[in-house]
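Here the structure comes first, spelled out in structure tokens, and everything after it is commentary.
All values below were derived from every heavy atom in this structure, side-chain atoms included, with hydrogens, water molecules and symmetry-related copies excluded.
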Amino acid sequence: QVQLVESGGGLVQAGGSLRLACAASTGTLSHYTMGWFRQAPGKEREFVAGITGGGMTTHYSDAVKGRFTVSRDNAKNTVYLQMISLKPEDTAVYYCAAPRQMWMPVQALGTMKSDSGSWGQGTQVTVSS
């Protein structure tokens with residue numbers, strides 16, 4: 001199983017942009033479908049975006065489609081989430097995850113549980129109004 005570390009979170013004004021990164025400190029990500037999730041205080045963790053191992057297929061939640069872009073650089077063993085036009089409702093802790101089934105279809109990433117697969121420690125994104 002891989003070990004993941006997120007970075008790039010911070011405080012940004014509404015309408016601003018951030019790029020999050022998820023790097024594998026242990027293991028290789030190239031064969032894994034990867035997902036981004038977020039959780040706001042008092043709310044359930046929700047799926048945000050996913051990308052297949054080769055980076056050819058992506059999938060987004062309706063809440064972020066058109067504003068967020070997930071990509072990966074397998075040579076750097078890193079997955080990215082570019083976020084633009086940020087809104088206060090995007091405020092959350094953002095997590096990346098690798099499924100136990102490494103080739104999980106991106107459309108199925110939303111079914112991942114917190115005790116399944118590999119998860120990073122999370123990075124805080126705060127969008128002020």
Side-chain angles (χ1 to χ4, degrees):
Q1 197 64 270
V2 296
Q3 293 184 301
L4 307 172
V5 180
E6 301 96 335
S7 62
L11 175 64
V12 65
Q13 292 183 326
S17 302
L18 284 173
R19 187 177 72 162
L20 307 183
C22 171
S25 60
T26 301
T28 300
L29 297 182
S30 62
H31 293 105
Y32 281 88
T33 291
M34 296 292 295
W36 284 97
F37 299 76
R38 66 187 183 186
Q39 187 169 26
K43 299 185 67 177
E44 296 181 30
R45 186 172 297 181
E46 66 172 313
F47 168 78
V48 174
I51 186 168
T52 54
M56 300 302 294
T57 304
T58 58
H59 179 61
Y60 301 91
S61 69
D62 290 340
V64 307
K65 191 171 185 177
R67 299 187 298 118
F68 291 10
T69 303
V70 61
S71 62
R72 66 195 301 158
D73 186 343
N74 284 334
K76 296 181 178 179
N77 215 16
T78 302
V79 180
Y80 303 94
L81 185 67
Q82 178 67 245
M83 307 182 294
I84 66 170
S85 301
L86 283 162
K87 306 173 180 179
E89 50 262 47
D90 295 318
T91 295
V93 177
Y94 283 70
Y95 301 88
C96 65
R100 177 176 57 84
Q101 179 192 85
M102 65 173 64
W103 44 270
M104 176 180 285
V106 291
Q107 296 86 351
L109 283 170
T111 68
M112 283 188 63
K113 301 297 190 295
S114 296
D115 60 354
S116 178
S118 298
W119 295 79
Q121 85 288 348
T123 185
Q124 177 72 48
V125 171
T126 303
V127 184
S128 64
S129 59

Is the side chain of Arg72 donor-acceptor paired with the backbone N or O of Gly53 at a distance under 3.5 Å, no angle test?
yes
From Gln101 CD over to Tyr32 OH, what is the distance, rounded to the nearest 0.5 angstrom?
11.0 Å
Which pair of non-hydrogen atoms, one from Val79 and one from Ile51, has the smallest distance, and what is that distance?
CG1-CG2, 4.2 Å
Is it true that a side-chain atom of Asn74 and a backbone atom of Gly54 form a donor plus acceptor pair closer than 3.5 Å?
no
Is Thr91 reaching over with its side chain to a backbone N or O of Val127, donor-acceptor style, under 3.5 angstrom?
yes
Backbone N/O of Lys113 and side chain of Ser116: donor-acceptor pair under 3.5 Å
no
Spell out, as yes or no, whether a donor-acceptor pair under 3.5 Å connects the side chain of Asn77 to the backbone of Gly27.
yes
Looking only at heavy atoms, the pair that brings Ala14 and Ser129 closest together is CB-CA, 4.5 Å
Does the side chain of Met83 come within less than 4.5 Å of Val125's, by heavy atoms?
yes
State, to 0.1 Å, how close Gln3 and Thr26 come at their nearest heavy-atom pair, and which atoms those are.
OE1-OG1, 2.8 Å
Does some side-chain heavy atom of Arg38 sit less than 4.5 Å from a side-chain heavy atom of Leu81?
no
Applying a strict under-4.5 Å side-chain criterion to I, L, V, M, F, W and Y, I'd like to know whether Leu29 and Trp103 cluster together.
yes
Same apolar cluster: Met102 and Tyr95, side chain cutoff 4.5 Å
no
Is it the case that more than 12 heavy atoms not belonging to Gln1 sit under 6.0 Å from its CD atom?
yes
I'd like to know whether the aromatic ring centres of Trp36 and Phe68 sit less than 6.0 Å apart in this structure.
no
Testing the basics here: between Gly50 and Leu109, what is the closest heavy-atom pair and its distance to 0.1 Å?
CA-CD1, 3.6 Å
Going only through I, L, V, M, F, W and Y residues with side-chain contacts under 4.5 Å, is there a path from Val5 to Tyr94?
no
I'd like to know if Val64 and Tyr80 are part of one continuous hydrophobic network [Ile/Leu/Val/Met/Phe/Trp/Tyr, side-chain heavy atoms within less than 4.5 Å].
no
Smallest heavy-atom separation, Val2 atom then Ser118 atom, equals O-OG, 2.9 Å
Identify the heavy atoms of Arg45 and Ser114 that sit nearest to each other, and give their distance.
NH1-OG, 3.4 Å
Would you please name every residue forming a side-chain hydrogen bond (donor to acceptor under 3.5 Å, both in side chains) with Thr123, sequence neighbours left out?
none
Do Glu6 and Leu20 have side chains that approach each other closer than 4.5 Å (heavy atoms only, starting at C-beta)?
no
Quick one, His59 and Phe47 - any side-chain contact, counting heavy atoms below 4.5 Å?
yes
Got Leu4 and Met34 here, is their nearest side-chain heavy-atom distance under 4.5 Å?
yes
If you round to the nearest 0.5 Å, how far is OG of Ser17 from CZ of Arg19?
12.0 Å
Under the side-chain contact (heavy atoms from CB on, under 4.5 Å) rule, what do Tyr60 and Arg67 come out as? Steps first, then yes or no, please.
CA-CA 10 Å; Tyr60 301 91; Arg67 299 187 298 118; over 6 Å; no
